[in-house]
Amino acid sequence: MLADMAAAQDNSSRSRSALVTGASRGLGLALTRRLLALGWDVTVDARDRARLEESLSDAPGPGRLTVVPGDVADAEHRHALAAAARSRGQLHLLVNNASVLGPSPQPGLAEYPLETLRSVYEVNVFAPLSLSQLLLPALARVGGTIVNVSSDAAVEAYPGWGGYGSAKAALDHLSAVLAVEHPDVRVLALDPGDMATDLQQQAFPGEDVSDRADPESVVPVLLQLVEDRRPSGRYRVADLAAGTTSRAVPV
C-alpha cells in the first residue's frame, strides 16, 4: 500500500511542468535544479546559451529539461519559449525570474537615459506580462501559478533605484490586477530579499556581496509558497521564512 502511494505521488510529480526564465544563474538556476530533482518537467531560457547549457549540464532528471536560449525581450523568442513549455504537457507553474538592473552604477532619475529605461521595462515588465498572456489558458486549465520575482525596491524609495524599482513596482501592480481578472490562476509577486547573485553584484560594483543569502536558501520557501496554495498576493521570503503573513492588499 505504501509503495503504491509513493508511486502515485511520484507520477503526480512527474506530470507537472514549469517554465523558469533567467535560469543560467542565481535564483533561476537554483530553482530549476530543485524542480528537476523533485521530478518536474522544466523549460528554461537565458540570454547566454553557453552559460545556460553549462550551468545545467549536470542537472538531475535527464529528459525532463527543455533549454530554449534567448532574450525574453524578444517577442519571437517568447512565443518559442511558450510553445516549448506547452509541449511538455500540463503547465502548472510560470516563474518570471529574468531581470535586468540597468546601468551600473545606477544613475538618479534626473540623468536616467530613457532608452535604457525602456529596455529595463521590456525585460522586467513587458516580458513577464507577455509570457503570462501566452500561457494563461494552459495555466487556467490546471489552476496553475504565476510567480513574478519582485524586489524591495518596488516598495522602498532608494536613491539610484528609480529605474529598476519602478519597473518592479509596475510588475507588482500588474500581478495584482491579473490575479483579480483571472481568479482561476494564482498570481504571486515574490520579494526574495537580497541574494548573492550577479545582479546584486552589478548593483553594488566593487563591494563584497557574499554576505547576502544564497539563492539555494530561497528556493524551499518559494516552493512551499507554491505548494501551500497561498492566495494571490505579494509575499516576502523573509516573512514566509519567519512564519508571518505578508500577503499584500491589491492596489
Side-chain angles (χ1 to χ4, degrees), residues 20-22 26-28 31 71-73 78 94-133 135-136 145-183 185-195 197-204 209 212-213 215 218 221-222 225-226 230-241 244-251:
V20 180
T21 65
L27 179 60
L31 175 60
D71 187 345
V72 291
R78 292 195 299 267
L94 165 62
V95 181
N96 286 307
N97 168 71
S99 298
V100 295
L101 179 68
S104 178
Q106 297 185 83
L109 287 177
E111 299 83 31
Y112 206 108
L114 294 185
E115 284 304 314
T116 303
L117 184 60
R118 289 189 181 94
S119 68
V120 170
Y121 271 64
E122 284 286 349
V123 174
N124 295 352
V125 183
F126 302 142
L129 177 58
S130 175
L131 283 172
S132 298
Q133 291 173 339
L135 294 171
L136 270 169
T145 302
I146 298 171
V147 177
N148 290 325
V149 177
S150 184
S151 166
D152 62 331
V155 295
E156 298 290 344
Y158 299 129
W161 286 78
Y164 179 84
S166 64
K168 289 299 185 179
L171 181 61
D172 279 1
H173 193 70
L174 288 177
S175 302
V177 174
L178 199 61
V180 173
E181 294 175 341
H182 296 272
V185 174
R186 288 189 308 146
V187 186
L188 311 173
L190 181 68
D191 173 7
D194 291 346
M195 296 180 291
T197 62
D198 287 1
L199 190 144
Q200 186 78 191
Q201 188 64 76
Q202 292 170 28
F204 300 97
V209 300
R212 275 66 159 183
V218 172
V221 183
L222 188 161
L225 174 64
V226 173
R230 294 282 188 101
S232 294
R234 188 180 195 277
Y235 295 87
R236 296 175 64 242
V237 164
D239 293 335
L240 293 166
T244 57
T245 301
S246 62
R247 188 187 175 204
V249 177
V251 290

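In this text the structure is predicted, and so the values were computed from the model without any measurement.
- Under the side chain to side chain donor-acceptor pair (under 3.5 Å) criterion, Ser130 pairs with Arg78, not counting sequence neighbours.
- Paired with Leu190 under the rule side chain to side chain contact (heavy atoms under 4.5 Å, CB included), one option of Val226, Leu222, Val149 passes, and it is Leu222.
- Put simply, the side chain of Asn148 never gets that close to the backbone of Asp172: no donor and acceptor are under 3.5 Å apart.
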Pair Ile146-Ser175, side-chain contact (heavy atoms from CB on, under 4.5 Å): steps then yes or no: CA-CA 9 Å; Ile146 298 171; Ser175 302; over 6 Å; no
Solution key, residues 109-116 side-chain donor-acceptor pairs under 3.5 Å, sequence neighbours excluded:
from	atom 1	to	atom 2	distance (Å)
Glu115	OE2	Arg118	NH1	2.5

Criterion side-chain contact (heavy atoms from CB on, under 4.5 Å) on Leu31 and Asn97, from CA distance to verdict: CA-CA 10 Å; Leu31 175 60; Asn97 168 71; over 6 Å; no
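- Under the salt bridge (charged side-chain N to carboxylate O under 4.0 Å, His left out) criterion, no residue pair touches residues 147-170, with sequence neighbours excluded.
- Residues Ala167 and Val120 share a closest heavy-atom pair of CB-CG1, 4.1 Å.
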Worked verdict on Leu171 versus Tyr121 for side-chain contact (heavy atoms from CB on, under 4.5 Å): CA-CA 9 Å; Leu171 181 61; Tyr121 271 64; over 6 Å; no
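- Taking every heavy atom of both residues into account, Ser119 and Val100 meet most closely at O-CG2, 4.3 Å.
- The minimum heavy-atom distance between Ala98 and Val72, with the atom names listed, is CB-CG2, 4.1 Å.
- Within the 4.5 Å cutoff, side-chain heavy atoms of Leu101 are placed close to those of Gln106.
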Residues Val185, Leu178; criterion side-chain contact (heavy atoms from CB on, under 4.5 Å); working and verdict: CA-CA 9 Å; Val185 174; Leu178 199 61; over 6 Å; no
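- In terms of heavy-atom proximity, Leu27 sits nearest to Pro192 at CD2-CB, 4.4 Å.
- In the model, Tyr235 has no side-chain atom that pairs as donor or acceptor with a side-chain atom of Ser150 under 3.5 Å.
- No donor-acceptor distance shorter than 3.5 angstrom exists from the side chain of Arg230 to the backbone of Arg186, with no hydrogens or angles considered.
- Of the inter-residue distances, the one linking Leu188 atom CG with Leu94 atom CG reads 11.0 Å to the nearest 0.5 angstrom.
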